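These notes concern the structure reproduced below.
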Amino acid sequence: QAHYLERFTRSKFLKSSAILLSGSSLSQALPLLCAPLLSRIYSSEEFGAYALFISTISILTVISSGRYELALITPNNSKHVKNLTSLSLSLATLTSALTFAACLIAKDYDTPYLNGSYVYLLCPGLLVYSYTNIGIHLLNHLSGFKKMSLARVSQSAGTTSSQIVLGLTKIFNNGLVISDILGRSIAFAIISPNIISIYRSTKENTATLRETIRRYIHFPLIETPASLLNRIATQSPAIFVPLIFDLSSGGQYFLVNRIV
């Protein structure tokens, strides 16, 4: 029994799971602990707009990179890893640019929510959200579990602390959204060295890139529509509650859902 216990405690899988679990738990505990304070700093309408912003970004992230980042876990070939990373980042950049163009067109239309600067924050929010998501999957492939946990905890701490500071100082009217983008930017800054090292490890090869696209084409063609429908289903309450009622009701729903 002692022999099996020793093997169990030395298990690489167990250590990696413990690192990920501790990082995930801490990153979720920080916003939960600060929720009572944030609910007194910001109004229900601000939380409603923030919830709608997060839901919109969450849905757009599904299609932003064609789900190529999910394929990063599978390949052993370093060239495929680099190509998948390049594809994901390029598609995310293109989607963010198209989102910005759509926001410029939509600014002339009167909408019950996401008006003003919230609309223009969709583009940088989607870009940072997508980049960070791609980097997390890359770290998963590289078994960089400590850095994954560090990125998540830093994102949570950066977002929560800046939300408190911006809420108390009232420097911006949309402190919740700006803080969320800032927190994800911190996480991406931690992950970015690994992305850079992938680019430096292998040379560009057009033939290999085409092979990578063909090999993993089922991710954008099959995985993306399925994931999009699932994401819309999970995020639809945060979108339709403000539409049917008002932003204040949407904010109250967001706070209750976060705590539960």
Side-chain angles (χ1 to χ4, degrees), residues 53-106 114 119-142 144 148 151-152 155 177 180-181 183-235:
F53 178 88
I54 293 297
S55 298
T56 305
I57 291 292
S58 179
I59 292 173
L60 290 175
T61 304
V62 175
I63 62 175
S64 64
S65 55
R67 306 302 278 174
Y68 275 116
E69 74 276 8
L70 297 180
L72 283 169
I73 303 175
T74 56
N76 294 320
N77 190 321
S78 59
K79 293 182 179 179
H80 285 308
V81 173
K82 179 179 180 179
N83 290 335
L84 287 169
T85 305
S86 299
L87 277 172
S88 300
L89 293 174
S90 299
L91 289 173
T93 304
L94 176 61
T95 306
S96 300
L98 293 176
T99 301
F100 180 71
C103 290
L104 291 178
I105 297 173
L114 276 187
V119 175
Y120 299 106
L121 289 172
L122 278 175
C123 177
L126 176 59
L127 190 67
V128 174
Y129 200 113
S130 300
Y131 278 11
T132 305
N133 186 45
I134 295 166
I136 289 293
H137 282 84
L138 178 61
L139 286 178
N140 197 5
H141 169 77
L142 299 173
M148 286 174 62
R152 285 172 174 165
Q155 173 188 325
V177 173
D180 187 86
I181 297 175
R184 296 185 188 279
S185 299
I186 294 173
F188 180 70
I190 295 173
I191 298 170
S192 57
N194 295 87
I195 298 178
I196 295 173
S197 65
I198 288 293
Y199 275 93
R200 290 178 176 176
S201 61
T202 56
K203 296 181 179 180
E204 293 288 346
N205 190 318
T206 306
T208 308
L209 178 60
R210 288 197 295 265
E211 179 188 350
T212 303
I213 295 174
R214 288 194 300 267
R215 175 174 294 188
Y216 301 102
I217 192 64
H218 60 281
F219 281 93
L221 293 183
I222 299 176
E223 177 65 28
T224 298
S227 299
L228 181 61
L229 291 175
N230 181 63
R231 190 65 58 86
I232 291 174
T234 56
Q235 298 297 329

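The analysis underlying the following values was restricted to heavy atoms, covering all of them including side chains, and did not include hydrogens, waters or symmetry mates. Model, not experiment: these values are computed from the prediction.
- Atom-to-atom distance recorded for L84:CG and L70:CG is 10.5 Å, nearest 0.5 angstrom.
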Please determine whether side-chain contact (heavy atoms from CB on, under 4.5 Å) holds for the pair N140 and L72, giving the CA-CA distance in whole Å, both sets of side-chain angles, and the decisive distance to 0.1 Å. CA-CA 8 Å; N140 197 5; L72 283 169; over 6 Å; no

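- Under 3.5 Å, the side chains of S64 and Y129 contain no donor-acceptor pair of N or O atoms.
- S65 is linked by a side-chain hydrogen bond (donor to acceptor under 3.5 Å, both in side chains) to E69, counting only residues two or more places apart in sequence or in another chain.
- For the atom pair T212 OG1 and L87 CG, the distance stands at 7.0 Å (nearest 0.5 Å).
- Side-chain atoms of L60 and T95, non-hydrogen and from C-beta on, never get closer than 4.5 Å to each other.
- Checked by atom type and distance alone, the side chain of R231 pairs as donor or acceptor with a backbone atom of S58 at under 3.5 Å.
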In sequence, state the C-alpha distance, the side-chain angles, and the governing distance for Q155 and I186, and then conclude on side-chain contact (heavy atoms from CB on, under 4.5 Å). CA-CA 6 Å; Q155 173 188 325; I186 294 173; 6.0 Å; no

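- Contact check for V177 versus I181: side-chain heavy atoms found under the 4.5 Å cut-off.
- Annotation: the span from I195 atom CD1 to T85 atom OG1 amounts to 7.0 Å, rounded to 0.5 Å.
- For N194, the side-chain hydrogen bond (donor to acceptor under 3.5 Å, both in side chains) partners at least two apart in sequence or on another chain are K147.
- Side-chain contact between R67 and T224 is present, with at least one heavy-atom pair separated by less than 4.5 Å.
- Counting heavy atoms from C-beta outward, I134 and I191 have side chains that stay 4.5 Å or more apart.
- No donor-acceptor pair under 3.5 Å is formed between the side chain of H141 and the backbone N or O of H137.
- Among residue pairs with one or both ends in residues 83-102, none qualify as salt bridge (charged side-chain N to carboxylate O under 4.0 Å, His left out); sequence neighbours excluded.
- By the side-chain hydrogen bond (donor to acceptor under 3.5 Å, both in side chains) test, S55 pairs with Q235, sequence neighbours left out.
- For S227, the side-chain hydrogen bond (donor to acceptor under 3.5 Å, both in side chains) partners at least two apart in sequence or on another chain are E223.
- Residues meeting the side chain to side chain contact (heavy atoms under 4.5 Å, CB included) test with S192, sequence neighbours left out: F188.
- Counting all heavy atoms, side chain and backbone alike, Y68 lies closest to S88 at CB-OG, 3.3 Å.
- With contacts defined as side-chain heavy-atom distances shorter than 4.5 Å, the pair L138/V81 qualifies.
- Under the 3.5 Å distance criterion, the side-chain polar atoms of S185 are left unmatched by any main-chain donor or acceptor of V128.
- In terms of modelled atom types and a separation under 3.5 Å, the side chain of S130 and the main chain of L127 share no donor-acceptor contact.
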Report the C-alpha distance between T56 and L126 in whole Å, list the side-chain angles of each, state the deciding distance to 0.1 Å, and finish with yes or no for side-chain contact (heavy atoms from CB on, under 4.5 Å). CA-CA 9 Å; T56 305; L126 176 59; over 6 Å; no

